[in-house]
Amino acid sequence: MVSKIFNIKTNYSEDELIALLREKSESGFHHLYDHYSGALYGVILRIVQSKEYTEEIIQDVFMKIWNSIHQYDTAKGRFYTWMINIARNTAIDYLKSKSFQNELKNQSLPDFVYNNAELSTTNNSDFIGFSNVLETLESDKQELINLAYYQGYTQSEISEKLNMPLGTVKTKMRNALMKLKDLLKDYQ
C-alpha cells in the first residue's frame, strides 16, 4: 500500500489569504485566526479592559471578517488595518450596547478598574514593535492614537476629553495617522 504525503501549506501571503477567505476556505480561516487573533485580542482588551468580554468580542470580530471579506478593498488600505478597525469598532459598539451597560450596572467596581500592569503583560498587538514606532511620533500624535485605538474613544469623545474643537481633533488625527503610515512603510 502506497501512502500519499500531502504538502499542506501553513503560511500564506496576504493576497493568498484574502483569496482563500473569499472562497470560504477553512484552512484560510484557521490561518487567519492563528496569525491574527493575538493582535486583535490585544486591541479589544485595551478597549474593553476585561478578558471575559474580550473573548466574546473576538469571536464576533472573526465572524465579521469572515462574513464581510468581500467588502475588503486592497486599494483602500492594508488587510491588517481593515481587521484592526473591525475589532476596534466592534469593541466600541459592545461597550455602548444596552446589554453591556446593564451588566456594568450590576457588576462590582473592581472588575472594571483599569489595571495598567495587567494590560502591559498581555499586549499581544506589538508583534512588529509597534510601540517603538509609536514612540517616535510627537507626544500629541501619540496621545490621539492612544485615545482612539487603545482606549476606544471616538473623535467626539477625544474632543471633549482634550477640550479641543472636533475639527482640530479630526485634522490632528488624520495627520497622526499619515505620519504613522509613513513610519510603518518599512514593515510592509
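Values below: all heavy atoms of this structure, side chains included; hydrogens, waters and symmetry mates excluded.
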CG on D15 to CG on L20, rounded to 0.5 Å:
11.0 Å
Chi angles and distances behind the side chain to side chain contact (heavy atoms under 4.5 Å, CB included) call for Y72, R22:
CA-CA 10 Å; Y72 171 66; R22 286 184 173 152; 3.9 Å; yes
So if I apply the side chain to side chain contact (heavy atoms under 4.5 Å, CB included) rule between I57 and each of L45, I44, I47, L40, which one comes out positive?
I44
Answer yes or no: is there a side-chain heavy-atom contact under 4.5 Å between K96 and T154?
yes
Hey, is the main chain of A148 close enough, under 3.5 Å, to the side chain of R88 for a donor-acceptor pair?
yes
Hey, could you give me each pair passing salt bridge (Lys or Arg N to Asp or Glu O under 4.0 Å) that has a residue in residues 158-169? Not counting sequence neighbours.
none
For a 4.5 angstrom cut-off between non-hydrogen side-chain atoms, does K24 reach I69?
yes
Measuring from L144:CG to Q155:CD, what's the distance to the nearest 0.5 Å?
9.0 Å
Judged by atom type as modelled, is there a donor-acceptor pair below 3.5 Å linking the side chain of S37 to the main-chain atoms of Y33?
yes
Show me the side-chain donor-acceptor pairs of residues 58-68 shorter than 3.5 Å, one per line, residues at least two apart or across chains.
unit_1: K64; atom_1: NZ; unit_2: T90; atom_2: OG1; d: 3.2
unit_1: N67; atom_1: ND2; unit_2: M63; atom_2: O; d: 3.1
unit_1: S68; atom_1: OG; unit_2: K64; atom_2: O; d: 2.4

Do S27 and S25 have side-chain N/O donor and acceptor atoms under 3.5 Å apart?
yes
Taking only residues two or more places apart in sequence or in another chain, which ones pass side chain to side chain contact (heavy atoms under 4.5 Å, CB included) with D73?
A75, K76
Kindly write out the residues that satisfy salt bridge (charged side-chain N to carboxylate O under 4.0 Å, His left out) with E138, not counting sequence neighbours, or none if the list is empty.
K141
Answer yes or no: is there a side-chain heavy-atom contact under 4.5 Å between Y94 and E56?
yes
Look at the side chain of S159 and the backbone N and O of M164, then say whether any donor-acceptor pair between them is shorter than 3.5 Å.
yes
With sequence neighbours left out, what residues match L17 under side chain to side chain contact (heavy atoms under 4.5 Å, CB included)?
Y12, L21, H31, L32, Y36, F79
Partners of E14 by side-chain hydrogen bond (donor to acceptor under 3.5 Å, both in side chains), sequence neighbours excluded?
R78
For E143, which residues count as a salt bridge (charged side-chain N to carboxylate O under 4.0 Å, His left out) partner, sequence neighbours excluded?
none
Only pairs under 3.5 Å count here: list side-chain donor-acceptor contacts from residues 167-176, not counting sequence neighbours, and write none if there are none.
unit_1: T171; atom_1: OG1; unit_2: G167; atom_2: O; d: 3.0
unit_1: N175; atom_1: ND2; unit_2: T171; atom_2: O; d: 3.4

Look at the side chain of E16 and the backbone N and O of S13, then say whether any donor-acceptor pair between them is shorter than 3.5 Å.
yes
Flag the pair Y41 / R46 as yes when at least one side-chain heavy-atom distance between them is below 4.5 Å, and no otherwise.
no
